Structure formats: structure tokens, C-alpha cells
Amino acid sequence: MALLFCWMYWKKESPALIVAVVVFGCAVYLVQDFRSQDNYDYSQPYSGELTFRAGAVIDGDSLRGFAALADETVVYARYRVSSEKEKLQMEKLMDQLVFQVSGVFEAPSPPSHRYSFNMADYLKHNGAASLLAVQSIDGAEANDTWTNRLLGRRDALKHHIREHFPESLVAEAEALLIGERENMDPEDQRVHQTLGISHLFAISGLHVGIASGLLYVILIRLHVRKETAIIILLIVLPLYAVIAGGAPSVWRAASMVSVVLAGKLFGFRLPIASIMLTSMVVFMLWNPYAMYKIGFQLSYGATFGIIYSLKFLGGIQSSVKTGFAITFISQVTLYPLLLFHFYELSLSAFLVNSLFVPLFTLLILPANFLLLLLTAVFQPAADFVFYFYEPLRGGIDRFMRWLAGLPYQLWNPGKPGFVMVFILTASVYLFYCVAERKFRFWQLLILLMPALLFTALPYLDPRLKVTFLDVGQGDSALIELPHRKAIYLIDSGGVLRFDTEAFKEKKRPYEIGRQVVAPYLKGNGISSIDAFIISHPDADHAEGAEEIFRLFPVDELHLTPGSASNALMVELAPDAAEARVVFPGAGSNWTVGETQFAYLSPTDAEYEGNNDSLVLLMKTGDYRVLFTGDLEAGGERELLAPYGSELAGLTVLKVGHHGSKTSSSEEFLAVLKPTLSIFSTGADNRYGHPSPEVVERFNEMRLDTLNTAENGTIRLLYEKGELELETMR
């Protein structure tokens, strides 16, 4: 808000408008903050009305989304459907009915770490008071409102697209025409993010502009008077915004276009900056929580940058240069926000958007609108166009995947704190102020210096960091050497999956590697892994590895000897093809700087189970950490004979096998006497880990322990003999 005030003052905006924006911004924040403090009595189970809001989804057997209770309190409701028949009914009717439900309120689960999804913040930022676990649906009645009728049209369009478009084009058509992105393939989304073109698949100003332009041209060709065409557009645009999903970017574009059209109709003209700022203020008054939505921030941020750079853009004669300049301005304006939300930035976006924005503007978007029209009025004509368009679109997809496969496209400095966000944003503001007078290439240093400083911070850090990630019932640990000389990931967690009925299978299964481990790495500015150590091929240690290999370059993969033929490792092999595979055993060791690493187990090349886990000892001076995988009592005994004296007085022990009763023998603990022991377990896990008798053993021996199930992600920072401990909870 402070930088917005400074920029408006620099641009000599009307003082009244400046004051209005600042006052409304502060007022909206206070209103939103006050609402978030509302108290609601959750001591009793809930029984009453529940109305799902737009955006609720069914994935597998799970129905979830924001909903309103009888008193208009907003909650995030979850319901598990019991059959294929009920699922089909709910998919058709959940937006059209008011349900009578019974359920219980729940507290949101805490995040695994500071970079993972935070359900409590998600609820707050959407104005929801709590989670509601719906246990039964006891009845329903029609919810006949004009918005629901429009949403019904949206659902009808969705079903029409699925029935009449080729399967390969359905997901893209849903995204471009009605703002439905649930069916987009995760791999395609990764490609779009790498290239920096995700915004092209979310309905925004580009889509609204093309849709408005096409409709206007059609109306004029049908000999409709210009004034009548504008009135029709003014009616259609809000309806289109609802049907297109009602995202902030859609409403921003629709509202600004509507004001411009109204000005043409009634003979007035407002500065485009005033239209944009007024639209933002009205939007925030209508929905104070919109300020937290990424789409709101990015849409208004990009528009803000372009509008206030019109003087600079006006001096460019070439349309090609103008397109590149607009892309540059959008990316530069938004990059602090993009880093804050996604921790990385596509460097290729500056060039790729210059190619794909015209491609989408002139071909892909118009083609989708045309094909939607043809499938509605004359399917044979649509099939004729599909015959040529589908292979062309497939060729463009293959080209996009090839581009995304090129190295060094992503800049991943990590998530900036609020102070760094302010510094980065201030550098953008200062750059614009200087460049607008007369642009010189040396002025890019104003942007580059803070960015380079932020990138360099981890390499200036002299601390040795060991992090035990909260991956639920599983193992994953990260070692970051001082000055980031090397990054080692030990296990990746994972989910043990069971065969289930077809209707229960999720489109996007929960992925520990993608949703827990990868965000922690990216949030810390880690873009590659020197060694990925899989202690042994159990699902709770290695199932998440597939996503890690897809998201990060890995130099070396360390596997326990004899495990390569394991089914999980065979399945992983194609993704790990570019990594150098090593099968270390007892005696393997290496040194980086002052930190030494040594494998203590296994002693043979035949993999037989938990006791053949890779056991790694890390030491620097008197600081020693032992990673034991799923080592059990038998394997512990085999370690004591050759390494007992070296392990005595250990600093940190990663407890073997999650603290099961078959591990952490009294003999083993009596020799090691670790200063701190870490249990890596999931809350309320089905195995009862850690075993009560093992916990009691640690207590009787007065050995301090921490558990990821209770403490969340645990980070140890070591420097010059001093050890600092951080936990999430």
C-alpha cells in the first residue's frame, strides 16, 4: 500500500483518488481482520442447512469446498460419498441444492513446515470460520437463485465440452472457456509454470478482451447498431464473469471493459488508471478477502504496471518491441509477488510469452470460441475443424514440452520474507521512476542488485543445517552444508497406496514428494540435489521420490546394495535415469570441507529388509548425527561391535523404524546415549508408532526426544560448536 501511494503520487493522480484508495485499502483490511476474529460456538455438533458455494469439487469419493451454514457463516465442508450412484447425483446437484446435514467442526491440521499448505491461513483468507466434517446428508431442497441458474449454465457448458470436444482438447477448452482447471494434467501445469505461461490458461483480461471483441464484431456483422451492441455487451459481460468462474482476474477485466464501454455509450471518458483503481476498491469492498487471492494480486499488479508504463510504451514504434516490452513490464512488476507465492520464477517467460501470447490471441483462444459455437450449431463442421486443429494443437504441446525441457529456465532463490519483498518491490518502483525519464541498460542494475543479493544469501550462511521433515508416517531428512557447498536429501517420504473402488480414485492423489518435500526445498532456494539417499525401498521412505526426480536435477542416487530389483525401485528407474546410481555399503565415506560422511551399514550386497537400510553417520568436530533408516534391533547390534566407541555420546539420533517396538534396543541406546533423538512418525498412525514401550525406554534413560507428529518439521542449525533447534509447533 505504501508503494502504491508513492507511485500514484509520482504520477500526479488526483489527491482525492489517492486518499480514497489508501483509506479504502486500510478499511478493507480492518474489516477483514475483524471478521477473521469472529467467535463461533463449535462446542456442539452441527445439524442444519448447508449450501455449497461455487468451486466445490468432487475428487474420488471426497466432496469438499466452501459452504454457507444456515446463519450465513462460511465453513470449509468435507463429505465422503459412499457410492458411485451418490457421487453422480452430487456432481449434478451440489450447486443447485440446500442440504440438511449433520456433522462436526474440526480444527485444521497444522502445516508440515513453513512452506507447505497452511489450512488455517486458507480458511482465514477466504473468510471461513472452521472446517466442517459432514457425517450425513439428511435431506435437500432446491436453491433457485439467479447465480445458481447461471452456474447451471456453466455446468451445462462443461458437460457439452466433454461430450463434443476430442478428449485431448477437453481440459484446455474447459480452462479457456469456463475457467475450469480441475482436469488439467499436473505435468502440463508443470510445463506451463516452467515456461511462465500459466496465466494464458486462466481466464483474464486477454480472454475477456477477445470474447468481447468477437461478440462485438459478430453483432456489427449482423447489422446491430453500435449502441445496441454496447448495451448487449454490458449485459453479457457480468454474466460471462459468473459463468467463467468468477475469478478476480475475470471480474477485474469485465469491470474495466464495462466502464470503458459505458463511457462510449454515454459520452464520458475516464483515465484508465482511475478505472483500474476504482475497480480494485469496489472489488475489495464487495469481497474484502479478495486481497489474499493470488489471482487478484497478479491481475491488478500486472495491470497496474502496464497502465503506469503507457508513456514509456507510447514511445516504442515497433509492435513486436511493444509486445516484448509489455511482457517485460508484467514480469518485472510481478516478480516479487511470484517469488513470495511460488518461490521461483521462469526466466524464459520474457521470450516465451512474446511467442505464445500472440499465438493464443490469434489462434488458440479464437479457435476454442469458434469450436464451441460450431459444436453447438453444427457438429459435422466442428469435426472438420477438429480434424486439422487437434494435430496442430498436439504439435504445439510437443513444442512446449521440448522448450520446458531445456535447462536453466527457472530462477529459484526461495521465498522472500516481508522485508525482502518490500526491498524487491521498492527496486521495481525505483527502476520505473528512473527508466521512465530515459531508459538506459545500466538501470537494470537497480533490479538486479537486490535480486542477486537475495539469491546469494544462502551461500553466505556458515551454518550446517539438518532438517527432519514432517512427512506424516514416513522419513525424509535434508542436509545443507555450510555456504551451501552440497545438498543431500535422505528419503522422500511417501504414501502406502491400496487398491480401491474405481469411483474412489482421485484425479490428483496426495503426493508427499510434490506437496511436502518439494515446497520445502524450493522455499529454501534449493534447485538441485547433490545426492539423493534412499535408505531402503519401502513406500514410506521412497514413494515420493518420483516427484523429486521430476522437479529437481539430482547428481547422485544412493541405494542400499541389492535393492535395484525391488518393484518400487524398478518403477522409479525411468525418472532417475539422469542421476549417477551408487550402491554404497559399510566403509564408504567422503568429506566436504570440515564435514565427514560415512556409511556404517549394510555389510553385504543382498537386500533382505529393514536391517539392510543405509545407515549414514555425519560428523563435524564433536557434532554427530546418525541416520538409521528403518534399522531394527538386529541391525543395531551389528553396528555396536565395529562402531560402538565412535557412536558413543552421539549428538542426534534419527530413531530407527519410526520408534517401533522392534527397534531402539536398550543396549543400543545405552552405548549411544544421544543428546537428542528424533522420531519421524505420522499423527495417529495405524502402526502405533512410536511404540509406548520404546517411548518409555527413552524416558527411563532420560534421553530427550522430539517427534515430527507433535513438533512438525524439526531443524537443527550448527555453527562453531553451538546447536540451535527450530520446530514448527
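Fair warning: this is a prediction, and the values are worked out from it, not measured in the lab. We're numbering straight along the sequence, starting at 1.
Minimum interatomic distance between Pro416 and Val421 (heavy atoms only, all atoms of both residues): CG-CG2, 3.6 Å. Scanning all heavy atoms of the two residues, the minimum distance from Ala586 to Thr603 falls at CB-CG2, 4.0 Å. In terms of heavy atoms, Pro462 sits closest to Glu719 at CG-OE2, 3.1 Å. Scanning both residues, Leu614 and Ile534, for their nearest heavy atoms gives CD1-O, 3.7 Å. Across all their heavy atoms, Ala477 and Phe468 have their closest contact at CB-CD2, 4.0 Å. Pairing each heavy atom of Val191 with each of Arg401, the nearest pair is CG2-CG, 4.1 Å.
For the side-chain hydrogen bond (donor to acceptor under 3.5 Å, both in side chains) test, residues two or more places apart in sequence or in another chain that qualify with Arg484 are Glu480. Looking at residues two or more places apart in sequence or on another chain, you find a salt bridge (charged side-chain N to carboxylate O under 4.0 Å, His left out) between Asp575 and Arg550.
Of the charged side-chain nitrogens involved, none lies within less than 4.0 Å of a carboxylate oxygen, so that Glu84 and Lys87 do not count as a salt-bridged pair. Of the charged side-chain nitrogens involved, none lies within less than 4.0 Å of a carboxylate oxygen, so that Asp185 and Arg190 do not count as a salt-bridged pair. A salt bridge does not link Lys661 to Glu693: none of the charged side-chain nitrogens sits closer than 4.0 Å to a carboxylate oxygen. Salt bridge annotation for Asp61-Arg80: present, with a cationic side-chain nitrogen under 4.0 angstrom from a carboxylate oxygen.
Glu666 CD: 12 or fewer foreign heavy atoms inside a 6.0 Å radius. The environment of Glu187 atom CD is dense: over 12 non-hydrogen atoms of other residues, nucleotides or ligands sit within 6.0 angstrom. A 6.0 Å sphere centred on NZ of Lys673 holds no more than 12 heavy atoms belonging to other residues, nucleotides or ligands.
A donor-acceptor contact shorter than 3.5 Å is absent between the side chain of Thr708 and the backbone of Asp470. Side-chain atoms of His483 come within 3.5 Å of backbone N or O of Tyr459 as a donor-acceptor pair. Checking side-chain atoms of Arg514 against main-chain N and O of Glu546 turns up no donor-acceptor pair under 3.5 Å. The backbone N or O of Glu86 lies less than 3.5 Å from a partner atom in the side chain of Ser83, making a donor-acceptor pair. Within the 3.5 Å criterion, the main-chain N or O of Ser47 finds no donor-acceptor partner in the side chain of Ser102. Side chain of Thr713 to main chain of Ser112: a donor-acceptor pair is present (N/O by atom type, distance under 3.5 Å, no hydrogens or angles). Between the Ser527 side chain and the Asn412 main chain, no donor and acceptor come within less than 3.5 Å of each other. Judged by distance alone, the side chain of Asn685 and the main-chain N or O of Tyr687 form a donor-acceptor pair under 3.5 Å. Remark: the backbone N or O of Thr620 is not paired with any side-chain donor or acceptor of Glu594 at under 3.5 angstrom. Under the 3.5 Å distance criterion, the side-chain polar atoms of Ser62 are left unmatched by any main-chain donor or acceptor of Asp59.
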Report the C-alpha distance between Leu132 and Leu50 in whole Å, list the side-chain angles of each, state the deciding distance to 0.1 Å, and finish with yes or no for side chain to side chain contact (heavy atoms under 4.5 Å, CB included). CA-CA 10 Å; Leu132 177 66; Leu50 180 83; 4.1 Å; yes
Side chain to side chain contact (heavy atoms under 4.5 Å, CB included) between Leu559 and Asn566: does it pass, once the steps are laid out? CA-CA 11 Å; Leu559 300 177; Asn566 178 275; over 6 Å; no
Using the side-chain hydrogen bond (donor to acceptor under 3.5 Å, both in side chains) rule, take Thr662 and Glu632 through it: C-alpha gap first, then chi angles, then the decisive distance, then the call. CA-CA 6 Å; Thr662 60; Glu632 297 180 329; 3.0 Å; yes
Please test Arg114 against Arg715 for side chain to side chain contact (heavy atoms under 4.5 Å, CB included), starting from the C-alpha separation and ending with a verdict. CA-CA 12 Å; Arg114 69 190 70 184; Arg715 188 163 76 149; 4.2 Å; yes
Val625 vs Lys654, test: side chain to side chain contact (heavy atoms under 4.5 Å, CB included). Steps then yes/no. CA-CA 8 Å; Val625 182; Lys654 200 293 294 182; 5.9 Å; no
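Residues Asn707 and Thr681 bring a donor and an acceptor atom of their side chains to less than 3.5 Å of each other. Looking at Asp475 and Ser680, their side chains do bring a donor and an acceptor atom within 3.5 Å of each other. Using modelled atom types, one finds a donor on one side chain and an acceptor on the other under 3.5 Å when comparing Tyr520 with Thr467.
Side chains of Glu556 and Phe532 form no contact here, defined as non-hydrogen atoms less than 4.5 Å apart. Two residues are said to be in side-chain contact when any heavy atoms from C-beta on lie closer than 4.5 Å; Leu464 and Ile479 meet this criterion. Counting heavy atoms from C-beta on, the side chains of Tyr623 and Val466 come closer than 4.5 Å. Side-chain contact between Phe340 and Met420: absent, with no pair of heavy atoms (C-beta onward) separated by less than 4.5 Å. The side-chain heavy atoms of Leu481 and Phe597, taken from C-beta on, include a pair separated by under 4.5 Å. Val517 places none of its side-chain heavy atoms less than 4.5 Å from the side chain of Leu478. Between Leu676 and Leu723 the shortest side-chain heavy-atom distance does not fall below 4.5 Å. Counting heavy atoms from C-beta outward, Glu724 and Arg463 have side chains that approach closer than 4.5 Å.
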Between side-chain atoms of residues 696-704 and protein atoms elsewhere (two or more places apart, or another chain), which donor-acceptor pairs fall under 3.5 Å?
residue: Arg697; atom: NH1; partner: Ser664; partner atom: O; Å: 2.5
residue: Asn699; atom: ND2; partner: Val695; partner atom: O; Å: 3.3

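Taking the six-membered ring where tryptophan is involved, the planes of Tyr76 and Phe66 are perpendicular, since the angle between them exceeds 60° and thus also 30°.
Distance check: Thr628 OG1 to His658 NE2 gives 9.5 Å after rounding to the nearest 0.5 Å. Between the CG atom of Leu557 and the CE atom of Met569 there is a distance of 7.5 Å, given to the nearest 0.5 Å. Rounding to the nearest 0.5 Å gives a distance of 9.5 Å between CG of Asp630 and CG of Asn611. Atom CG of residue Leu131 and atom CZ of residue Arg78 lie 5.0 Å apart, to the nearest 0.5 angstrom. Rounded to the nearest 0.5 angstrom, Tyr643 OH and Leu617 CG are separated by 9.5 Å. Expressed to the nearest 0.5 Å, how far CG of Asn524 lies from NE2 of His113 amounts to 9.0 Å.
Taking the ring centroids of Phe583 and Tyr599, they lie at or beyond the 6.0 Å cut-off.
When the options Val655, Val652, Thr705 are evaluated for a side-chain contact (heavy atoms from CB on, under 4.5 Å) with Ile678, the one that passes is Val652. Residue Tyr343 is tested with Trp411, Phe454, Tyr115 for a ring-ring contact (aromatic ring centres under 6.0 Å, His included); the sole match is Tyr115.
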